[in-house]
Amino acid sequence: VTIVSGQGTSMITVDVSGAFVSGLITVTGTNNCGAGSQRSLSIIGAPGQPGIINGLSNVCPGQSGVQYDVATVSGATNYTWTVPSGATIVSGQGTKTIIVNYGPNPANNQVVSVRASNACGQSGLRTLGGISISFSNCGPRIGNASSTISQVVLFPNPARENVNIQFSS
């Protein structure tokens, strides 16, 4: 905070930088007889923009339990998140960490965003763009469970009516 004008008078104008979080403006009146009692005013600024959003940008349609988070924003008392259409925030709205369940439909260039706020205002919006919801992000699957398959064997070879599938996962 910088005093722009009014120093030495009964009124000042200040310039508050974007990095300001909170502080005190203190004044002491003086005259020929000495200094009076000191008075202070506590001031709080809106929080700054959240930092980079951490989380997956390649997700499988229907994937659940996907976490997104940001570092703590000084002075923030609330975090407001938005997720792509078809996705649901299942926990954490209002905090710096959310858990998201994605819907079944593939989509590209989706966005997760967050804005920090307090009683004095809200920050700028931070986004994680380019989220791909695609079956190519799913990896091998058995039923509905994700799995890593290390080896697949088909027998007998050649087969007439039935084939056996053997794998390790």
Side-chain angles (χ1 to χ4, degrees), residues 1-2 14-23 42-169:
V1 176
T2 305
V14 297
D15 185 17
V16 180
S17 77
F20 176 78
V21 176
S22 67
S42 177
I43 59 173
I44 300 171
Q49 183 180 34
I52 295 170
I53 298 173
N54 301 303
L56 295 178
S57 58
N58 294 311
V59 297
C60 179
Q63 188 169 346
S64 61
V66 179
Q67 178 175 311
Y68 293 96
D69 62 72
V70 293
T72 300
V73 176
S74 184
T77 57
N78 189 58
Y79 299 80
T80 304
W81 293 86
T82 58
V83 294
S85 177
T88 305
I89 298 172
V90 293
S91 68
Q93 184 65 279
T95 71
K96 65 179 193 152
T97 302
I98 59 170
I99 304 297
V100 176
N101 289 350
Y102 280 88
N105 298 324
N108 287 317
N109 296 315
Q110 299 300 297
V111 174
V112 169
S113 62
V114 63
R115 187 182 306 269
S117 63
N118 63 21
C120 295
Q122 58 186 9
S123 71
L125 190 65
R126 173 66 69 181
T127 61
L128 173 62
I131 295 175
S132 168
I133 306 166
S134 171
F135 289 107
S136 66
N137 299 328
C138 298
R141 290 196 164 278
I142 299 172
N144 288 329
S146 292
S147 176
T148 302
I149 298 175
S150 59
Q151 182 179 13
V152 176
V153 178
L154 301 173
F155 63 92
N157 184 11
R160 287 205 169 117
E161 293 180 19
N162 295 315
V163 65
N164 296 301
I165 303 172
Q166 179 181 348
F167 59 89
S168 300
S169 73

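On a predicted model such as this, the values are computed, not experimentally measured, just so you know.
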Contact between [X] and [Y] at the side-chain level, heavy atoms closer than 4.5 Å - yes or no?
X	Y	answer
I131	V111	no
V14	V1	yes
T72	Y79	yes
N164	P156	yes
I44	N118	yes
K96	V73	no
I98	V83	yes

Query raised in the report: Cut-off 3.5 Å, side chains only: do S136 and S134 have a donor facing an acceptor?
Result: yes

Query raised in the report: Do the side chain of R115 and the main chain of T80 share a donor and acceptor less than 3.5 angstrom apart?
Result: no

Minimum heavy-atom distance between [X] and [Y], given as atom pair plus value:
X	Y	value
S123	P50	OG-CD, 3.3 Å
A116	G48	CB-O, 4.2 Å
L125	V114	CD1-O, 3.6 Å
A119	T77	N-OG1, 4.5 Å
G92	T95	O-OG1, 2.6 Å
R126	I52	NE-N, 4.2 Å

Report task. Kindly state each residue pair satisfying side chain to side chain donor-acceptor pair (under 3.5 Å) with at least one member in residues 51-60, sequence neighbours excluded. Result -> N54-D69

Report task. Can you run down the side chain to side chain donor-acceptor pair (under 3.5 Å) pairs that involve residues 98-114, sequence neighbours left out, and say none if there aren't any? Result -> Y68-Y102, T82-S113, N108-S132

Query - Criterion side chain to side chain contact (heavy atoms under 4.5 Å, CB included) on V59 and N137, from CA distance to verdict - result: CA-CA 6 Å; V59 297; N137 299 328; 5.5 Å; no

As an exercise, state the distance from [atom1] of [X] to [atom2] of [Y], rounded to the nearest 0.5 Å.
X	Y	atom1	atom2	result
R160	N162	CZ	CG	12.5 Å
T127	Q49	OG1	CD	8.5 Å
Q122	N78	CD	CG	10.0 Å

